[in-house]
Protein chains: 2
Amino acid sequence: MTASISPLAPKKQPVLPPIDGVRIATAEAGIKYKGRTDLMVMAFAPGTQVAGVLTRSKCPSAPVDFCRENLPGGKAGILVVNSGNANAFTGRKGRESVNLTAAAAAKAAGCDTGEVYVASTGVIGEPLEAGRFAHLLEQLARDAEADRWEAAGKAIMTTDTYPKYATATVAMGDGEVTINGIAKGAGMIAPDMATMLSFLATDAPVDAAVLRQLLSAGTKKTFNAITVDSDTSTSDTLLIFATGAAEKRGIARITEASDPRLTPFRRALNRVLKNLALQVVRDGEGARKEVEITVSGAKSARSAKRIALSIANSPLVKTAVAGEDANWGRVVMAVGKAGEPADRDRLAIHFGDFRVAHEGERDPGYSEQAVSAYMKGDKIRIGVDLGIGRGRATVWTCDLTKEYVAINGDYRS
Amino acid sequence: MTASISPLAPKKQPVLPPIDGVRIATAEAGIKYKGRTDLMVMAFAPGTQVAGVLTRSKCPSAPVDFCRENLPGGKAGILVVNSGNANAFTGRKGRESVNLTAAAAAKAAGCDTGEVYVASTGVIGEPLEAGRFAHLLEQLARDAEADRWEAAGKAIMTTDTYPKYATATVAMGDGEVTINGIAKGAGMIAPDMATMLSFLATDAPVDAAVLRQLLSAGTKKTFNAITVDSDTSTSDTLLIFATGAAEKRGIARITEASDPRLTPFRRALNRVLKNLALQVVRDGEGARKEVEITVSGAKSARSAKRIALSIANSPLVKTAVAGEDANWGRVVMAVGKAGEPADRDRLAIHFGDFRVAHEGERDPGYSEQAVSAYMKGDKIRIGVDLGIGRGRATVWTCDLTKEYVAINGDYRS
């Protein structure tokens, strides 16, 4: 199960600066892995605000249930993340395990359990024995330090082939604030499905209500626009923590989403979200190519996104990309099966800048040779114009290779 | 691209008896293949009734459009099917090609073009030159003979690894009638997607309106309950022709779906449909295992079917089956992502007769060894009980293997 690093991994990873008000610690708790960290704690300064986006799965993990309950409160004292066990489909034991973790974490951070956030990733269906690490939390919260983002990114990995980091520093009013983010991808861990987790933190003084709006808008075109295999995890969790420490440097608190000082922050946040989301796709299981799919001319943006996801999730399209085959017939099929308004006779399809189909027919002008050369690249753009409206959406996925089947079809050990 | 015969192929194929009122002819028209038949004509006795089910794709092929227009008429004189070219996404040329074929076929059969049915399967996006075979139709219709079902099944194949036949003879009133059926599967033909086609014929004297009801009900639990890779074709076509020849033997015409004489016929038709549908699944690309998924205890039958299809289309579930891994965590995931009402804490999951999860937790009683032995079989049953209602549905699929990726990811030649 040891995969070599994805060929789509970033050549260079950024170094994340400390965020005032965030302290981090990691440990080897031995939850499943040996000889690596699998427990990560982020302790937040008093007054830290939080917002989050959680899986829409109807069978969510116990930690997801717990976070969903606490998020409306908008306050965070501590985040506890473990890898190696997802604590999903673990019934009453799973809830007890979360409660035990939360109680220990609250004590360690000196906060209420309503200000604790937990996330777990790894095996499904195995009871997570919180007793094995809950006693470590007090020490970890005490020893936590600001300059530990690199370690945080590594501790939350499962079968990711590289840790995922992004950072941005932008103007806010007369000062500057920083946003850091880490993520782990939709990798697998034998024998069960892992999940997508991402945690962001900023020193910007932004209220939870505003964070919620920013995150909801920002994920629509980033984390909610990526797919590896259409299989929504039981555990997907994205949280953003705003410590507000920049207030000390004279940046007044932002309490309204309409505040004009938010504009650069919003852009930077969206960049960080997109950067992390694409890193997740580029580390998709067995991925050899990143695929960007843009649908335009649809009835609505919603309709465009549905069609784009239908293309992105089509095994026939994904295997064609793996085979470096500009197979636009399969793109037509995927448009047709989406069930959204479309007019076959107005459809145009591009691979990169090459128009291969036009007005419902193969484009007689395209050079098969040039398109074939394009398909050999590791970043493939597919463009579909429906020609019936102004709706537009872009989604990202990766190709479907034999390695995907090998990774996920291996015998359970 | 030459695949060996699927290990799931039937050990023995039935010999289809002649159907009074149906004459068949095949030819090597050289549309794409060399050295094999690729054109099939069925000529029907006057008064033959027809009903059909067509793809729901929003980008259907030209032949699908043509059949959709004729089906409300309910009368059939001739069916023309070609393999090697799907005549899909071929724009104006595609429509002209169908019109040319229909005109030649109507002349050959001495019927109206409103009584002609056409189906094409093979490459997408290549103009189909009807001129290459339309002139053959007159001779074929003249030479057609009743005893040619075996040849018919072979002529419509694309990358199927075996032809698909089913037949049943049942009582109708005081006599007997026969139903024959052939099908071709969701195979691929380089460089593009092929399609699912199935044609049934019977000598039973059943009106088109009644056939429509029977077919609509019958496909719900057969052809519309199978999936290979979730990719709906542009060309899926299922037609049933009732020559009514049995009227000569004293069986009075059936004009109402409530006619009690229909009961054995309906059952036999459903058996034939299910038999053919399962043969399609068992010849799915790269398939090594047939997978039957039954969801019970759902809010409604509709909800049960959605959840069953979510499981059947999950790449993670399908690769787990390929790996002979009773990975119920992925089944939980697929239930959760379906978006249908479900209560994690009431969920029970079976592989074969082995209950692996119960009341939202791993079943502590199950023997990993026994389940692993079960997973080595070539027919896997997955049962999911939601415990919240009485809705129930069964769907069928196959596993997702490296061969699937190889077949569909090969470079375009």
Side-chain angles (χ1 to χ4, degrees), chain A residues 56-60 88-93 123-126 191-193 229-234 313-316 319-320 322-330 332-342 344-345 347 357 359-362 372 400-402 404-406 408-412, chain B residues 56-60 88-93 123-126 191-193 229-234 313-316 319-320 322-330 332-342 344-345 347 357 359-362 372 400-402 404-406 408-412:
Chain A
R56 288 179 194 139
S57 170
K58 299 281 179 181
C59 297
F89 211 61
T90 43
R92 190 178 42 78
K93 287 191 211 90
V123 178
I124 284 187
E126 302 280 341
D192 280 307
M193 181 192 61
D229 53 15
S230 82
D231 278 346
T232 309
S233 143
T234 54
N313 283 326
S314 159
L316 290 176
T319 48
E324 307 191 332
D325 172 10
N327 196 319
W328 56 269
R330 297 185 189 174
V332 176
M333 175 282 301
V335 171
K337 80 165 179 165
E340 292 292 318
R344 184 187 55 200
D345 296 341
L347 214 51
E359 292 184 351
E361 294 188 44
R362 184 177 57 185
S372 290
L400 171 55
T401 64
K402 287 179 200 168
Y404 177 90
V405 179
N408 290 305
D410 274 353
Y411 286 68
R412 197 143 69 144
Chain B
R56 288 179 195 139
S57 170
K58 299 280 180 181
C59 298
F89 212 61
T90 43
R92 190 179 42 79
K93 287 192 211 87
V123 179
I124 285 185
E126 301 280 341
D192 280 307
M193 181 192 61
D229 53 15
S230 83
D231 278 345
T232 309
S233 142
T234 54
N313 284 325
S314 158
L316 290 176
T319 48
E324 308 192 332
D325 173 8
N327 196 319
W328 56 270
R330 297 187 189 172
V332 176
M333 174 282 300
V335 171
K337 80 165 179 165
E340 292 292 319
R344 184 187 54 201
D345 297 341
L347 213 51
E359 290 184 353
E361 294 188 45
R362 185 177 56 186
S372 290
L400 172 55
T401 64
K402 287 179 202 168
Y404 177 89
V405 179
N408 291 305
D410 275 353
Y411 286 68
R412 197 144 68 145

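Order of the sequence lines sets the chain letters (A, B, ...), proteins ahead of strands, with each chain counted from 1.
Of the listed residues Thr401(B), Val335(B), Val332(B), Leu400(B), the one with more heavy-atom pairs under 4.5 angstrom with chain A than any other is Val332(B). Of the listed residues (Gly91(A), Gly336(A), Pro341(A), Ser314(A)), the one with the most heavy-atom contacts under 4.5 Å to chain B is Gly336(A).
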Report task. List the steps and the verdict of side chain to side chain contact (heavy atoms under 4.5 Å, CB included) for Val405(A) and Tyr404(B). Result -> CA-CA 9 Å; Val405(A) 179; Tyr404(B) 177 89; over 6 Å; no
Requested in this report: Evaluate the side chain to side chain contact (heavy atoms under 4.5 Å, CB included) criterion for residues Ile124(A) and Arg330(B): first the C-alpha distance (whole Å), next the side-chain angles of each, then the deciding distance (0.1 Å), finally the verdict.
Outcome: CA-CA 8 Å; Ile124(A) 284 187; Arg330(B) 297 187 189 172; over 6 Å; no
Requested in this report: Please lay out, stage by stage, how Asp345(B) and Phe89(A) fare under the test side chain to side chain contact (heavy atoms under 4.5 Å, CB included).
Outcome: CA-CA 8 Å; Asp345(B) 297 341; Phe89(A) 211 61; over 6 Å; no
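Counting heavy atoms from C-beta outward, Pro60(B) and Arg344(A) have side chains that approach closer than 4.5 Å. Side-chain contact check for Asn408(A) versus Pro315(B): every heavy-atom pair is 4.5 Å or farther apart.
Heavy atoms of Thr90(A) lying under 4.5 Å from chain B belong exclusively to its backbone. Contacts between Ser372(B) and chain A at a heavy-atom distance below 4.5 Å are absent for every atom of the residue. Residue Glu359(B) does not touch chain A at all, counting heavy-atom pairs closer than 4.5 Å.
For Lys58(B), there are no salt bridge (charged side-chain N to carboxylate O under 4.0 Å, His left out) partners at least two apart in sequence or on another chain. With sequence neighbours left out, Ser57(A) forms a side chain to side chain donor-acceptor pair (under 3.5 Å) with no residue at all.
Residue Arg92(B) holds its CZ atom at 6.5 Å from CD of Glu361(A), rounded to the nearest 0.5 Å.
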